[in-house]
Amino acid sequence: MFYQILFSSVLRHLDAETIHRVSFGALRCAAAVPGAAAVAERVLGPREPELTVHAFGREFPGPLGLAAGFDKNAEGPRALGALGFGFVEIGTVTAQPQPGNPRPRLARLVADRAIVNRMGFNNEGSALVAERLHHRRGEPGPVLGINIGKTKVTPEDEAEGDYAVSARRLAPYADYMVVNVSSPNTPGLRSLQSVERLRPILSAVRAALAEAGRPELPLLVKIAPDLADEDIDAVADLALELGLDGVIATNTTISREGLAATAEDVEAAGGGGLSGAPLKDRSLAVLRRLRARVGDRVTLVAVGGIDTPEDAWARIRAGATLVQGYTGLIYGGPLWPRRINRGLARLVRAAGYASVAEAVGADAPDAAPAAGAPEAATA
């Protein structure tokens with residue numbers, strides 16, 4: 001309640017990126033106090049046994065994770081995990097450092113509980129991020145995903161080499177790795193989602209992981225909600241063909257349909273990717289289509305419009321093993337992950353399941369084998 005009052009009376013009127021930087025800095029400082037992160041993990045972390053999930057060869061204390069974009073440079077994954085996230089995905093990280101797009105580049109549409117961002121993969125580059133993770137190696141922390149993208153200045157026909165550089169540098173520190181080809185804020189990036197262009201990128205990343213001594217590292221791809229249905233099917237088939245470990249659905253949308261915000265507010269927010277509640281229906285539709293195509297042969301991670309425990313529960317029953325949030329945290333405050341976890345545990349028990357894992361795909365029809373896909377691709 002206090003956070004809602006603070007947000008409504010103060011935070012919503014201040015520059016969104018400045019507030020993000022200040023609040024994240026304060027969180028990192030708090031977590032740096034000896035013993036503070038451990039205490040927060042015990043109090044806020046997912047404690048309900050029903051929430052334990054096994055995926056990618058790892059045990060996750062809960063299915064709710066923090067999506068990429070919040071911690072682009074691996075500055076505070078443990079601090080974020082201490083809020084109650086079962087896993088944290090850092091990035092998007094590019095091979096070369098880059099400042100991103102000019103400010104202002106982050107805006108809120110409060111009437112829709114949505115955010116518009118055109119950050120442009122601003123990050124310190126994979127070499128520095130790898131160095132930071134190296135110094136923190138062995139420290140406690142959440143399951144860590146690393147999301148990699150293409151450097152803006154790299155030509156599209158050289159994209160696979162660019163991704164491979166980051167994969168090679170960051171492989172030693174990841175619990176899973178995500179190839180991001182779906183941000184709308186890097187020119188030409190989304191064209192890399194076509195199967196003909198995505199296949200060599202994923203193959204190059206696989207080779208780079210092997211060179212780094214991590215051939216077994218789970219590899220995922222993150223797709224956009226704006227793909228046509230036939231393109232979603234094609235990505236699903238490619239995931240089976242290449243034996244990908246997972247697909248994350250979905251990134252932000254360029255659509256502005258059905259918003260409650262005024263036309264003036266939407267125009268003032270500007271271009272970029274829209275996240276939050278308005279993305280809920282389309283992201284769920286993409287997830288259902290993926291599940292119908294791949295069944296349980298590929299692990300699905302749902303993100304986009306997850307704001308309540310019921311939202312997370314619907315994604316799990318539709319076929320998602322894991323779910324992620326970002327905008328929900330911005331509007332819900334630091335106790336939001338705990339509320340989602342507690343509510344999700346109640347829903348699991350009310351439905352008569354012993355664990356959330358038993359409910360994965362409960363509402364999904366049996367998947368038909370994709371044309372030409374192998375019969376058994378492991379997740």
Side-chain angles (χ1 to χ4, degrees), residues 1-4 6-7 20 22-68 70-71 74-90 132-133 135-146 173-176 301 303 306-313 316 320-350 353-359:
M1 180 63 70
F2 172 76
Y3 180 82
Q4 301 305 324
L6 178 65
F7 183 88
H20 173 87
V22 171
S23 60
F24 188 24
L27 176 64
R28 297 198 307 272
C29 288
V33 175
V39 170
E41 288 163 355
R42 287 195 294 271
V43 174
L44 301 176
R47 302 189 301 273
E48 298 80 0
E50 299 93 340
L51 296 183
T52 301
V53 174
H54 293 270
F56 309 134
R58 294 293 304 267
E59 181 177 283
F60 292 69
L64 176 67
L66 180 63
F70 197 101
D71 185 359
E75 294 177 288
R78 189 184 186 192
L80 292 165
L83 293 179
F85 290 106
F87 62 107
V88 171
E89 189 173 308
I90 65 163
R132 181 173 290 128
L133 290 170
H135 288 306
R136 295 178 179 176
R137 203 169 190 179
E139 295 180 1
V143 175
L144 186 70
I146 300 182
Y173 315 107
D175 292 312
Y176 70 85
V301 182
V303 59
I306 295 175
D307 195 36
T308 67
E310 289 75 17
D311 294 332
W313 184 231
I316 289 165
T321 299
L322 301 168
V323 298
Q324 292 179 322
Y326 181 138
T327 306
L329 175 66
I330 303 304
Y331 284 97
L335 297 182
W336 178 79
R338 183 66 191 136
R339 291 196 297 271
I340 297 295
N341 286 326
R342 294 180 68 180
L344 190 54
R346 285 195 298 268
L347 290 167
V348 171
R349 293 192 292 267
Y353 293 106
S355 75
V356 68
E358 293 180 3

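Values reported hereafter were calculated over all heavy atoms of this structure, with side chains retained and with hydrogens, waters and symmetry mates removed.
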Euclidean distance, [Y] [atom2] relative to [X] [atom1], rounded to 0.5 Å:
X: Leu329; Y: Leu335; atom1: CG; atom2: CG; answer: 10.0 Å
X: Ser355; Y: His54; atom1: OG; atom2: NE2; answer: 8.5 Å
X: Leu66; Y: Gln324; atom1: CG; atom2: CD; answer: 7.5 Å
X: Arg342; Y: Glu48; atom1: CZ; atom2: CD; answer: 7.5 Å
X: Ile330; Y: Asp307; atom1: CD1; atom2: CG; answer: 11.5 Å
X: Leu133; Y: Ile90; atom1: CG; atom2: CD1; answer: 5.0 Å

Open item on the list: Does this structure show an ion pair linking Arg78 with Glu139, if we count only N-O contacts that are shorter than 4.0 Å?
Closed with: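 Result for this pair is no, no salt bridge flagged.
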Task: Row check, Phe24 ring normal vs Arg28 NZ/CZ: under 6.0 Å, within 45° - done: yes
Open item on the list: Can a donor-acceptor pair be found, under 3.5 Å and without considering hydrogens, that links the side chain of Asp175 to the backbone of Val143?
Closed with: no
Open item on the list: When you measure from the side chain of Arg136 to the backbone of Ala74, do you find a donor-acceptor pair of N or O atoms at a distance under 3.5 Å?
Closed with: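 Here the side-chain-to-backbone pair exists.
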For the residue pair [X] and [Y], establish whether any side-chain heavy-atom pair is separated by less than 4.5 Å.
X: Pro46; Y: Leu64; value: no
X: Arg47; Y: Arg338; value: yes
X: Pro142; Y: Leu80; value: no
X: Thr52; Y: Phe60; value: no

TODO: Classify the ring geometry between His20 and Tyr326 as parallel (under 30°), tilted (30 to 60°) or perpendicular (over 60°).
DONE: parallel
Open item on the list: Tell me whether the rings of Trp336 and Phe85 are parallel (<30°), tilted (30 to 60°) or perpendicular (>60°).
Closed with: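 Taking Phe85 first and then Trp336, their aromatic rings sit tilted (interplane angle of 30° to 60°).
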Task: Candidate pair Arg58 and Tyr176, rule side chain to side chain contact (heavy atoms under 4.5 Å, CB included), full reasoning - done: CA-CA 10 Å; Arg58 294 293 304 267; Tyr176 70 85; over 6 Å; no
Quick check: closest heavy atoms across [X] and [Y], and the distance to 0.1 Å?
X: Gly62; Y: Phe87; answer: O-CD2, 4.4 Å
X: Ala37; Y: Ala82; answer: O-CB, 3.9 Å
X: Ile316; Y: Pro63; answer: CD1-CG, 4.4 Å

- [ ] Apply side chain to side chain contact (heavy atoms under 4.5 Å, CB included) to Val356 and Leu347, showing your working.
- [x] CA-CA 9 Å; Val356 68; Leu347 290 167; over 6 Å; no
Open item on the list: Between Leu344 and Leu51, is the side chain to side chain contact (heavy atoms under 4.5 Å, CB included) condition met? List the steps.
Closed with: CA-CA 8 Å; Leu344 190 54; Leu51 296 183; 4.1 Å; yes
TODO: For Arg346 and Glu50, run side chain to side chain contact (heavy atoms under 4.5 Å, CB included): C-alpha distance rounded to whole Å, both residues' side-chain angles, the deciding distance at 0.1 Å, then the answer.
DONE: CA-CA 9 Å; Arg346 285 195 298 268; Glu50 299 93 340; over 6 Å; no
